[in-house]
Structure formats: C-alpha cells, structure tokens
Amino acid sequence: MDRGGKLIVFSAPSGSGKTTIVRHLLKQEVLNLAFSISATSREPRDHEKDGADYYFMSLKEFKQHIKNGDFLEWEEVYRDSFYGTLKSEVERLWAEGKNVIFDIDVVGGLRIKKKFPKETLAVFVKPPSVDELKIRLKKRKTESDEKINMRIAKASIEMATAPQFDRIILNDDLEKALKEAEALVAEHIAKNPTEDSHERA
Ligand code: 5GP
C-alpha cells in the first residue's frame with residue numbers, strides 16, 4: 001500500500017467512551033480527519049447505516065475478503081463477530097488527502113501501529129474502572145446482559161495492553177479527555193513523518 005496521510009488509532013474496551021472522543025475529533029476541521037469505516041459480520045443495530053457506521057456483510061462474505069487478502073487487519077472480536085479494516089478503505093481516504101482515524105479493538109489497533117509505525121499515533125482510552133464500564137454499558141442498553149458480560153470479561157484483558165500504546169487517555173472527565181485527545185492528535189499531525197515515532201506516555 002502506498003503511504004499517504006497520518007493514521008490515528010483509538011482503541012479501548014467497549015464502553016470506555018472512545019467513540020464519543022472519535023466523533024468529537026472528526027468535527028475539528030483543522031485536523032482534516034476521516035473515519036475509517038470497518039467491515040463487520042455482526043448485525044446492524046437499529047440506528048446504524050451500512051456504508052456509514054460499518055460495511056455490514058455476511059460471515060461468508062467476510063471470510064472471502066480474508067482469503068483474498070483484502071484486510072489491513074481483521075479480528076474475531078467476539079465469537080462469530082468479525083471486524084476488520086479493508087485496505088481499500090484506507091486507500092480511499094488517503095486518496096482524498098485525509099488523515100485517517102480508527103475506532104477499533106486493541107489487537108487491531110496495535111497491528112496498524114506495527115504496519116505503519118511512523119504514520120500511526122495509537123491512543124488507548126482508559127475507563128476509570130471495570131465497574132464503571134459495566135454501569136456505562138448497562139445504561140447504553142444496546143446489548144443483552146449476556147453480551148454485556150462478554151464485553152466486561154474482554155475489557156480486563158484489553159486493559160492490560162494499555163502500556164503498548166503511544167499514549168493513554170484516562171476518561172474520568174469527558175471534557176478533559178476531549179481536550180487531551182485534540183491536543184495529542186494535533187501534535188501528531190503537525191509532526192514530520194520522518195521523525196521518530198512516539199515515545200510511550
Ligand atoms: P461494536 O460491536 O460495539 O461496534 O464494536 C465492537 C468492537 O470491535 C469495538 O471494540 C470496536 O472498536 C471493534 N472494531 C470495530 N471495527 C474494527 C476493525 O476494523 N478491526 C478491529 N480489529 N476491531 C474493530
């Protein structure tokens with residue numbers, strides 16, 4: 001793949017607030033960001049639109065893309081729920097002259113960092129605690145209790161990967177987290193791509 005703009009990865013346990021942060025960043029025109037729409041085999045939620053939130057596809061279709069080598073990274077995030085970043089998606093956004101922002105799981109996030117170490121800023125969004133995460137997921141009411149428990153179990157494992165990221169944002173105060181995210185991304189975008197990649201936080 002040809003290299004283009006910068007890559008900004010936001011990874012975190014489900015319910016930590018990373019999607020809110022990513023949406024906020026996308027509104028900041030100076031950052032010139034575009035959202036990388038992932039492919040997934042999970043069912044769309046009520047408000048979700050194909051080609052905007054995700055490229056929704058069947059498990060069979062997803063597996064065919066894996067076979068074809070179409071993914072930059074992919075992951076079976078939950079059993080039978082596959083998620084992945086299509087190479088064509090990043091190429092599309094780079095061709096538009098954009099910096100690309102990803103809202104993806106920790107394994108996928110670290111894979112992108114490994115493939116594009118200089119271009120990528122990998123940020124881990126840390127919820128105040130796993131208990132707080134549970135409360136947030138319950139409030140959101142988008143998943144069944146069983147799915148919530150699955151996400152909580154995964155969260156503890158994901159929390160342990162935080163030190164591998166370039167930066168960690170603690171989301172105990174949303175306003176503060178938004179400002180911090182803006183500053184980190186602006187700094188990364190201003191950086192010359194030939195400079196060394198980020199020091200760890
Ligand atoms: P949700 O089902 O709540 O939309 O997403 C579940 C998890 O999958 C989240 O942690 C989300 O960040 C992650 N995810 C979304 N897209 C991708 C992707 O393209 N690759 C990987 N590895 N994970 C993704």
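For ligands, and for the atoms within them, numbers begin at 1 and follow the listed sequence.
- Here CD of Glu158 is found 10.0 Å from CD1 of Ile152. Values are rounded to the nearest 0.5 Å.
- Other residues, nucleotides and ligands place more than 12 heavy atoms under 6.0 Å from the CZ atom of Arg140.
- Each of Lys18, Ser38, Arg42, Arg45, Tyr54, Glu73, Glu75, Val77, Tyr78, Tyr83, Gly84, Thr85, Asp103, Ile104, Asp105, Gly108, Arg151 has a non-hydrogen atom positioned under 4.0 Å from some atom of ligand 1.
- Separation of the Phe62 and Tyr55 ring centroids does not fall under the 6.0 Å cut-off.
- Within 6.0 Å of NZ on Lys126 lie no more than 12 heavy atoms contributed by other residues, nucleotides or ligands.
- At a threshold of 4.5 Å between non-hydrogen side-chain atoms, the residues Val123 and Ile168 do not count as touching.
- Side chains of Asp103 and Thr19: a donor-acceptor N/O pair is present below 3.5 angstrom, by distance only.
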